[in-house]
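For reference, the structure discussed in these notes is given below.
Both backbone and side-chain heavy atoms feed into the values below; hydrogens, waters and symmetry mates do not.
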Amino acid sequence: MKLEFSLIETLFLSVLLLLFGYFIRKKIKFLHRFCIPAPVIGGLLFSIFVMVLKELNVGTITLDVSLQSSFMLAFFTTVGLGASFSLVRQGGKLLIVYWLLCGFVAIFQNVIGVSLAQVLGIHPLLGVMAGAVSMEGGHGAAGAFGPTVEELGVQAATTISFAAATFGLIFGSLIGGPVSRYLINKYDLKPETSNEEIKTFEAVVGMNKHDEPLTSHRIFTHICLITFCMCLGVIISKSFAQITSFVLPEYVGAMFLAVIIRNLNDRFHVMKFDLKCVNLIGDVSLGIFLSMALMNLKIWEIFDLAVPLFVILVFQVLFIILYGIFVVFRLLGKDYDAAVMVGGLSGHALGGTPNAMANMGAITERHGESKRAFLIVPVVGAFLIDLFGIPSIISFINFFK
């Protein structure tokens, strides 16, 4: 039996699996507890089903995932449009320090991945896939960089990166709370009251403002902006790659162009920018992109690489634990906010920003609120970290290609 899904059929199936993922996550507490994304659940279950059919010689399923790259491009463009440098200025010294600490994580995760890959006798680029790509980058970066590395001749790069990203999601949630509680108990830390700096920061972020209703005109205006960044960004990426022979995924140009346009608009107010609208478009794009990427995984490709991959991932987790306790906590001030942010970093350095928020939510529910942590961690984890992480990933890929 051989089934072939057309582009439209594949699109329908990806959305169906996305909704199925939401349904399953709602029913299974484990998936909800560890913030496993709905498209990962639905897409991964489908890819397992395809693997079973193949291994039993029952049949094969072929998908047309031509739209996957377009949705990926749209998502990362919305990430760039969310990067307002006014947040960095208003966040003060603590945000800058936390941002730099997260930037070091991206670099060292790649160092760990590449070093262990060479020791274990696998391609160094697979170490990058099990490094910042899947750890700090999560499933989004895994789906973006996997095909790029496979084009360089490294098989199973996409599957490896998605497997590592899923592992990271789980352990990012597992270690965040215990590490923060260890620091809070050891140093007998207590919550501190908010100050004027936090109030100013809240005003810049736009918290507690009345959200205007979304209209079709507003949505189309922002789609126009996003697609403009996508078109011009792809041209920039291709031109740069041709001139320098430097591997540069198309979405990188679009994302950094979006950063520039967002901050120019903040300065000159050319258009009324609606971050809620951009985030909504980004969420839809990410959901479909991830669903398509996961449902098209060839899981059987990683059987021979399971042991090396597991070793690398264990070292990644140990690094985040030790780094959080002995470096991040101390440089952030050794206070209650610092302890909570260590839990947040554990979440998004191994999984994603939702994991970070879940970790901090569990910590503050028991020990008291930390407004500073809930303001800084999402801003850095959601988009600022990419300004360090993506250049690091690209550099490692080009060095070891």
Side-chain angles (χ1 to χ4, degrees), residues 1-6 9-68 71-72 126 129-130 133-135 137-147 149-150 154-174 286-310 312-313 350-352 354-355:
M1 179 185 68
K2 184 176 182 180
L3 294 177
E4 294 186 2
F5 287 79
S6 67
E9 291 167 341
T10 301
L11 176 61
F12 162 72
L13 183 60
S14 66
V15 176
L16 181 64
L17 290 170
L18 173 61
L19 295 175
F20 180 66
Y22 279 114
F23 174 78
I24 294 295
R25 188 175 66 180
K26 185 178 180 180
K27 296 295 182 180
I28 302 178
K29 292 183 179 180
F30 170 83
L31 300 175
H32 179 75
R33 167 69 180 83
F34 291 108
C35 304
I36 306 298
V40 173
I41 298 169
L44 192 57
L45 287 175
F46 182 81
S47 64
I48 292 173
F49 172 70
V50 172
M51 180 190 68
V52 171
L53 292 181
K54 179 181 181 299
E55 294 299 314
L56 295 178
N57 293 319
V58 175
T60 59
I61 297 178
T62 304
L63 304 170
D64 184 347
V65 292
S66 304
L67 290 175
Q68 178 182 323
F71 283 111
M72 175 195 71
L126 292 179
M129 294 297 100
V133 170
S134 54
M135 297 289 95
H139 285 86
F145 283 102
V149 172
E150 287 180 349
V154 182
Q155 295 183 351
T158 301
T159 308
I160 286 285
S161 56
F162 273 123
T166 303
F167 180 97
L169 273 175
I170 295 172
F171 278 86
S173 292
L174 279 175
L286 177 62
I288 297 176
F289 154 53
L290 282 184
S291 185
M292 281 190 178
L294 268 295
M295 62 194 272
N296 200 39
L297 277 185
K298 298 176 176 60
I299 298 177
W300 55 88
E301 293 180 344
I302 67 170
F303 289 162
D304 295 336
L305 298 170
V307 174
L309 176 61
F310 180 75
I312 293 173
L313 295 178
L350 293 174
N355 297 71

Open item on the list: The test is side-chain contact (heavy atoms from CB on, under 4.5 Å); show your working for F46 and I61 and say whether it passes.
Closed with: CA-CA 10 Å; F46 182 81; I61 297 178; 4.1 Å; yes
- [ ] Would you give the length of the straight line joining atom CZ of F23 to atom CG of L17, rounded to the nearest 0.5 angstrom?
- [x] 14.0 Å
TODO: Kindly determine whether I24 and L31 satisfy side-chain contact (heavy atoms from CB on, under 4.5 Å), including the steps that lead there.
DONE: CA-CA 8 Å; I24 294 295; L31 300 175; 3.6 Å; yes
Open item on the list: For I36, is there any backbone N or O sitting under 3.5 Å from a side-chain donor or acceptor partner on R25?
Closed with: yes
TODO: Might you point out which heavy atoms bring S161 and G146 nearest each other, and give the distance in Å?
DONE: OG-CA, 4.5 Å
Task: Side-chain heavy atoms of L13 within contact of F5, under 4.5 Å - done: yes
TODO: Check whether any side-chain heavy atom of V15 sits under 4.5 Å from a side-chain heavy atom of I288, and report yes or no.
DONE: yes
- [ ] Write down the atom of D64, the atom of S6, and the distance for their closest heavy-atom approach.
- [x] CB-C, 3.8 Å
Open item on the list: For I302 versus A163, what's the shortest heavy-atom pair and its separation?
Closed with: CD1-CB, 4.1 Å
TODO: Fit a plane to each ring of F171 and F167, take the angle between them on a 0 to 90° scale, and name the class: parallel (under 30°), tilted (30 to 60°) or perpendicular (over 60°).
DONE: parallel
Task: Whether N355 side chain and L169 backbone form a donor-acceptor pair below 3.5 Å - done: yes
Open item on the list: Would the distance check show the side chain of S134 and the main-chain N or O of M129 forming a donor-acceptor pair, the cut-off being under 3.5 Å?
Closed with: yes
- [ ] Rounded to the nearest 0.5 Å, what's the gap from CG on L53 to NZ on K2? Could you check?
- [x] 14.5 Å
Task: Non-hydrogen atoms of P39 and G287 that approach each other most closely - done: CB-O, 3.5 Å
TODO: Please step through side-chain contact (heavy atoms from CB on, under 4.5 Å) for the pair Y22 and L18, ending with a clear verdict.
DONE: CA-CA 7 Å; Y22 279 114; L18 173 61; 3.8 Å; yes
Open item on the list: Is any side-chain heavy atom of L126 closer than 4.5 Å to one of V154?
Closed with: yes
Open item on the list: Distance check, rounded to the nearest 0.5 Å: L16 atom CG versus E9 atom CD?
Closed with: 13.0 Å
Task: N/O donor-acceptor pair under 3.5 Å between E150 side chain and T158 backbone - done: yes
Task: L11 versus F71, closest heavy-atom pair with distance - done: CD1-CE1, 4.1 Å
Show me the donor-acceptor pairs within less than 3.5 Å that the side chains of residues 290-301 make with the rest of the protein, sequence neighbours left out.
from : atom 1 : to  : atom 2 : distance (Å)
S291 : OG     : S14 : O      : 2.7

TODO: Work out which heavy atom in A164 is nearest to a heavy atom in A130; give both atom names and the distance.
DONE: CB-CA, 4.2 Å
